[in-house]
Amino acid sequence: MATEDKNRATAAAILPLVGGAANVSSIAHCMTRLRLGLHDRSLVQDEALKAVPAVMGVVEDDTYQIVLGPGTVARVTPEFEKLVEEGRAAAPAAPEASAPLTAEELAAQGAEMKAARKAKNSTPFKLFLRRIANIFVPLIPALIGCGIIAGLNGLLVNLGWLTSVTPALAAMASGFMALIAVFVGYNTAKEFGGTPILGGAVAAIIVFPGVANIEAFGQKLSPGQGGVLGALGAAVLAVYVEKWCRRWVPEALDVLVTPTLTVLVSGLVTIFGLMYVAGEVSTAIGTFADWLLSNGGAGAGLVLGGFFLPLVMLGLHQALIPIHTTLIEQQGYTVLLPILAMAGAGQVGAALAVFVRLPRNESIRRTIKSALPAGFLGVGEPLIYGVSLPLGRPFITACVGGAFGGAFVGFFNQLGDAVGSTAIGPSGWALFPLLDGNHGLGATIAIYAGGLVVGYLAGFVATYFFGFGKELLAEFNVSQEPAASTVAAVGPSTAGAGPDTTAKAPAGV
């Protein structure tokens, strides 16, 4: 306890001397130095920092580096991160907007609802899901890039074109997926407060070819067994082992003993336990997803497509991210994403109906016209928080549109025409380059496009006929001054056809 108090006291002494929590943009550490990204270098008190007992010196580089020494820096950094988070949490909140009248005020109310939702999402379970999202979100660009290359390679192979190039494309598309467990392990350790490279080192055991020579639970292990779930569990275990070592290993031995024990203990548990258990769980996830859509079909699609927007509002959509990644790892694509993307189609249809039903309100119509192009590409937050959610009923009728679109895609899955995505992130029209299935690209594209059309139409019809009460229509179907920039009041993200990227979660997930 005395050691923890000393480390926290060191962190507390450093923080005000670098300008406080508001001046810190990034935090990292290497073997000996605390590396800080700072907004304003002039706020740093160099001489006072050098006078802090635990500080051995400071170095000016691309980051501001405070030399603490091996062992000490690994213990002080987590305490410093906690103090920065506490300082940011104590910052005064921005003033909230008033009730909606114009489109600009409507968007402001949507932003207010978004802020309230974010506050309600600060439960331990939802914070855990947010952590899971933070692990996988940084992987999305690589998933998208490799997914598109995989689709291009498959098209060239089917056409028999550029046969000398397709093996190279296959290597580009598959290389990242072959090592995705390592990246998951790295990000997991980083997110849970451990040393990222140790998390990656432990997770690398899962994909090492030599595990094929090891027997556990009466059977030979397979390279990659357990996949991203195994990597996630292995890295979390590594973080706890590392923290235990930091607490009990003398600082003079920390640089040698802590990484060794972390990799050794976590590695043994991973090989002789986690790989088998995670492998069984991963297989069960794939089997259940296939069974659900093969037997539930339209009904499963109706529920998934209809309830995805509320899941996003509650922050529970983040639990699906590891499931998507597991399906992509196992089958090459996730069959859930195209169905969930129908929620964005229902949102677009609802917005079009609002546009038609409010012919006199040029302000709201201008907002819709500005946000629709992004909505078609799966970026639905401007429409949700700027239009449908503040109006109330149109948000519900948008869910109806998503339900019908999901039922359409789910029905074809039940018939045996699997429609999947090779990556997570995009939805709407942006998902077309990532589509894959078991009956050829043409059929897959046709089914997904049909689902979008059904979602648009159902969302439009439901909103047009049931999205407005007499009072709401009378209040908003009046001429108003057009807002200068209503969508900007909300800020583009992916919460309509996917999670909110401001919370680091991918679209369409």
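Just so you know, these numbers use all the heavy atoms, side chains as well, and skip hydrogens, waters and symmetry mates.
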Reported [atom1]-to-[atom2] distance for the pair [X] and [Y], which is rounded to 0.5 angstrom:
{"X": "Y186", "Y": "E191", "atom1": "OH", "atom2": "CD", "result": "13.0 Å"}
{"X": "N438", "Y": "T444", "atom1": "CG", "atom2": "OG1", "result": "7.0 Å"}
{"X": "K190", "Y": "T195", "atom1": "NZ", "atom2": "OG1", "result": "12.5 Å"}
{"X": "I424", "Y": "L434", "atom1": "CD1", "atom2": "CG", "result": "11.0 Å"}
{"X": "D436", "Y": "Y448", "atom1": "CG", "atom2": "OH", "result": "14.0 Å"}
{"X": "L143", "Y": "T325", "atom1": "CG", "atom2": "OG1", "result": "6.5 Å"}

Note, [X] side chain near [Y] side chain (heavy atom, < 4.5 Å):
{"X": "T63", "Y": "L36", "value": "no"}
{"X": "W161", "Y": "T163", "value": "no"}
{"X": "L435", "Y": "L431", "value": "yes"}
{"X": "P196", "Y": "N187", "value": "no"}
{"X": "Q225", "Y": "I206", "value": "no"}
{"X": "D290", "Y": "Q331", "value": "yes"}
{"X": "V236", "Y": "T188", "value": "yes"}
{"X": "V387", "Y": "F395", "value": "no"}

Practice item. Assess whether side-chain hydrogen bond (donor to acceptor under 3.5 Å, both in side chains) is satisfied between S282 and Q330, documenting all intermediate values. Key: CA-CA 8 Å; S282 298; Q330 282 183 350; 4.7 Å; no
Check your understanding: Is E362 salt-bridged to R365, cutoff N-O under 4.0 Å?
Key -> yes
Check your understanding: Counting only N and O atoms by type, is there a donor-acceptor contact under 3.5 Å from the side chain of S26 to the main-chain atoms of G37?
Key -> yes
Review point. Do R357 side-chain atoms and Y464 backbone N/O form a donor-acceptor pair below 3.5 Å?
Key: yes
Of the non-hydrogen atoms in [X] and [Y], which two are nearest, and what is the gap between them?
{"X": "P322", "Y": "V228", "value": "O-CG2, 4.3 Å"}
{"X": "A238", "Y": "V202", "value": "CB-CG2, 4.0 Å"}
{"X": "F355", "Y": "I368", "value": "N-CD1, 3.8 Å"}
{"X": "N413", "Y": "A418", "value": "OD1-CA, 3.4 Å"}
{"X": "P394", "Y": "T463", "value": "CB-CG2, 4.2 Å"}
{"X": "A181", "Y": "G227", "value": "CB-O, 4.3 Å"}

Exercise for review: Verify side-chain contact (heavy atoms from CB on, under 4.5 Å) between F136 and F183, making sure each step is shown before the conclusion.
Suggested key: CA-CA 9 Å; F136 288 92; F183 296 99; over 6 Å; no
Just checking [X]: does its [atom1] atom have more than 12 heavy atoms from other residues, nucleotides or ligands closer to it than 6.0 angstrom?
{"X": "Y333", "atom1": "OH", "value": "yes"}
{"X": "F411", "atom1": "CZ", "value": "no"}
{"X": "F176", "atom1": "CZ", "value": "yes"}

Exercise for review: Assess R393 against F466: is NZ or CZ under 6.0 Å from the centre of the six-membered ring, and within 45 degrees of the ring's axis?
Suggested key: no
Check your understanding: Does the side chain of Q414 pick up a donor-acceptor pair with the side chain of S294 at under 3.5 Å?
Key ->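 Note: Q414 and S294 side chains miss the donor-acceptor criterion.
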Exercise for review: Check the side chains of T334 and H324 for a donor-acceptor pair under 3.5 angstrom, ignoring hydrogens and angles.
Suggested key: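 Distance-only check passes for H324 and T334.
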Exercise for review: Just do the side-chain contact (heavy atoms from CB on, under 4.5 Å) check on V419 and I445 with the steps written out, would you?
Suggested key: CA-CA 8 Å; V419 178; I445 290 176; over 6 Å; no
Review point. Considering residues at least two apart in sequence or located in another chain, which fulfil the side chain to side chain contact (heavy atoms under 4.5 Å, CB included) criterion with L162?
Key: L156, V165
Exercise for review: Evaluate side-chain contact (heavy atoms from CB on, under 4.5 Å) for L372 paired with L352, printing each intermediate quantity in order.
Suggested key: CA-CA 8 Å; L372 268 178; L352 289 171; 3.4 Å; yes
Exercise for review: Could you walk me through whether I144 and I140 pass the side-chain contact (heavy atoms from CB on, under 4.5 Å) test, one step at a time?
Suggested key: CA-CA 6 Å; I144 293 173; I140 289 177; 3.5 Å; yes
Review point. Are F412 and F408 close enough that their ring centers fall under 6.0 Å?
Key: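 Ring centroids of F412 and F408 are less than 6.0 Å from each other.
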